[in-house]
Undergrad: 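Just passing along the structure, written as structure tokens.
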Amino acid sequence: MLTLAFDTATSVATAALVRDGEVLGERASRAVRVLEDADELLREAGLEPSELGSVVVGTGPGSFTGLRMGLAAARGLAFALDVPVAGVSTLDALAAGAPAALPIVDAGRREVFTRVKGEPLSAAPQELELEPGTLCVGDGAVRYRDVLEQRGAEVPPDDDERHRPRARFHAALATEFGPAEEIEPLYLRIPDAEQKA
């Protein structure tokens, strides 16, 4: 089956075209380019949108605006092409790209999104309880490198691929496909706009 996967929850959006587990192409750009990236991936592979069998989208946690853009794109494609959609956690995709690492996404407001005992949460980076030598990946790990390293964590260089929630891992992790309207974002706190109101 031909699958288009993408994630727009972090500062770097990723997209991948995958057929039966084989990555045909992959892109990294910005959330506003996700549909252009999808079109380019299909053209480079010599394929038509009508050949897609499914769509996989990152459900966060991450940027509220980025998540909404990604979900809207996934829903639009699913309705236009009549294909099922699966949602995959951005934290899970990060972890799949760096087994045994702790995924950390920049949450803004001097906080990060991560997992503790398997459960997603938002916290200040200095509040995280880390075992010495814990490998931390993601844009939150890059942004709070100093804090995390002072707490005994290891953070790969800023340009390390493990800091991106690569869409190829979303495609590999997707198991439950269904109607696009059933895919919900993983919000771990209320949006800034709602909080101000």
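For the single chain, residues carry numbers from 1 onward in sequence order. Values below: every heavy atom of this structure, side chains too, minus hydrogens, waters and symmetry copies.
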Undergrad: Go through it in stages, so that I can follow the logic: the residues are Thr114 and Leu128, the test is side-chain contact (heavy atoms from CB on, under 4.5 Å), and I'd like the CA-CA distance, side-chain angles, deciding distance and then a yes or no.
TA: CA-CA 9 Å; Thr114 188; Leu128 298 178; 3.7 Å; yes
Undergrad: Considering only heavy atoms from C-beta outward, does the side chain of Leu135 approach that of Pro156 to under 4.5 Å?
TA: yes
Undergrad: Do the charged groups of Arg75 and Glu181 touch, with an N to O distance under 4.0 Å?
TA: no
Undergrad: If the threshold is 4.0 Å, N to carboxylate O, is there a salt bridge linking Arg33 and Glu36?
TA: yes
Undergrad: Carefully, step by step, assess Arg43 and Asp39 under the rule salt bridge (Lys or Arg N to Asp or Glu O under 4.0 Å).
TA: CA-CA 6 Å; Arg43 279 192 283 116; Asp39 183 57; 3.0 Å; yes
Undergrad: Is Glu51 atom CD crowded by more than 12 heavy atoms from other residues, nucleotides or ligands, each under 6.0 Å away?
TA: yes
Undergrad: Do you know the tightest heavy-atom contact between Phe79 and Ala180?
TA: CZ-CB, 4.4 Å
Undergrad: Can you list everything that forms a side-chain hydrogen bond (donor to acceptor under 3.5 Å, both in side chains) with Arg30? Sequence neighbours excluded, please.
TA: none
Undergrad: Is Arg115 salt-bridged to Asp92, going by a charged N under 4.0 Å from an acidic O?
TA: yes
Undergrad: Salt bridge check: are Glu127 and Arg151 linked by an N-O gap of less than 4.0 Å?
TA: no
Undergrad: Show the nearest heavy-atom pair for residues Leu94 and Pro103, with the distance to one decimal.
TA: CB-CB, 3.7 Å
Undergrad: Using the rule given for side-chain contact (heavy atoms from CB on, under 4.5 Å), can you reason through Phe113 versus Thr90, listing the C-alpha separation, both sets of side-chain angles and the distance that settles it, and then say yes or no?
TA: CA-CA 10 Å; Phe113 297 126; Thr90 301; over 6 Å; no
Undergrad: Identify the two heavy atoms, one from Asp7 and one from His170, that lie closest to each other, and give their separation to 0.1 Å.
TA: OD2-NE2, 2.7 Å
Undergrad: Just by distance, with hydrogens left out, do Asp139 and Thr10 show a side-chain donor and acceptor under 3.5 Å apart?
TA: no
Undergrad: Between Val34 and Ala73, which heavy-atom pair has the shortest distance, and what is it?
TA: CG1-CB, 4.1 Å
Undergrad: Ignoring hydrogens, what is the shortest heavy-atom contact between Val105 and Pro61? Give both atom names and the distance.
TA: CG1-O, 3.9 Å
Undergrad: Taking all heavy atoms of Thr3 and all of Ala171, pick out the closest pair and write down the distance.
TA: CG2-CB, 4.5 Å
Undergrad: Let's go through Arg164 and Glu26 carefully: what are the C-alpha distance in whole Å and the side-chain angles of both, what is the deciding distance for salt bridge (Lys or Arg N to Asp or Glu O under 4.0 Å) to 0.1 Å, and is it a yes or a no?
TA: CA-CA 12 Å; Arg164 285 188 192 153; Glu26 199 164 18; over 6 Å; no
